[in-house]
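Please read the structure below before turning to the comments.
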Amino acid sequence: SFAVRPEPEPFHLPDAGRLRELTAREHQVLRYVASGDDPLKIAAMLGISERTVKAHLSTLYRKLTVDNRTQLALLAVRLGVQPAEGRGGA
């Protein structure tokens with residue numbers, strides 16, 4: 001007989017309306033995360049400290065109910081967030 005495996009839990013996708021709850025700066029940080037940038041690069045691009053970027057990330061995790069930057073980036077793409085433009089090259 002075959003073992004029945006439980007269905008994987010679906011990825012929680014919050015209502016896109018949640019994006020309207022974000023501050024302008026949180027939305028900017030989210031766009032850079034969607035671009036694949038790390039906190040240090042985001043800080044340099046926005047002219048703020050890495051610590052401030054990490055504070056914004058923590059708030060984004062809470063507001064959008066994700067646990068890490070990878071989940072945040074995937075969610076941003078799924079919700080149609082446009083990646084940041086004019087990103088500097090390496």
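Everything numeric in this text was worked out from a predicted model, so none of it was measured.
Residue Thr23 holds its OG1 atom at 10.5 Å from CG of Leu30, rounded to the nearest 0.5 Å. Here Arg62 contributes atom CZ and Leu57 contributes atom CG; the two are 13.0 Å apart, rounded to the nearest 0.5 Å. The NE2 atom of His27 lies 9.5 Å from the CD atom of Gln82; values are rounded to the nearest 0.5 Å.
Considering only heavy atoms from C-beta on, Arg18 comes within 4.5 Å of Thr65 through its side chain. Looking at heavy atoms from C-beta onward, Arg51 lies out of side-chain contact with Pro39 at the 4.5 angstrom threshold.
Closest of all the heavy-atom pairs between Leu46 and Tyr32 is CD2-CE1, 3.6 Å. Taking each heavy atom of Arg31 and Val81 in turn, the nearest pair found is CG-CG1, 3.8 Å. Between Lys63 and Glu26 the shortest heavy-atom distance is NZ-OE1, 2.8 Å. Residues Ser35 and Ala84 share a closest heavy-atom pair of OG-N, 2.8 Å. In terms of heavy atoms, Gln71 sits closest to Asn68 at N-OD1, 2.8 Å.
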List the steps and the verdict of side-chain contact (heavy atoms from CB on, under 4.5 Å) for Leu72 and Tyr61. CA-CA 7 Å; Leu72 186 61; Tyr61 298 160; 3.9 Å; yes
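A donor-acceptor pair shorter than 3.5 Å can be found between the side chains of Arg25 and Gln28.
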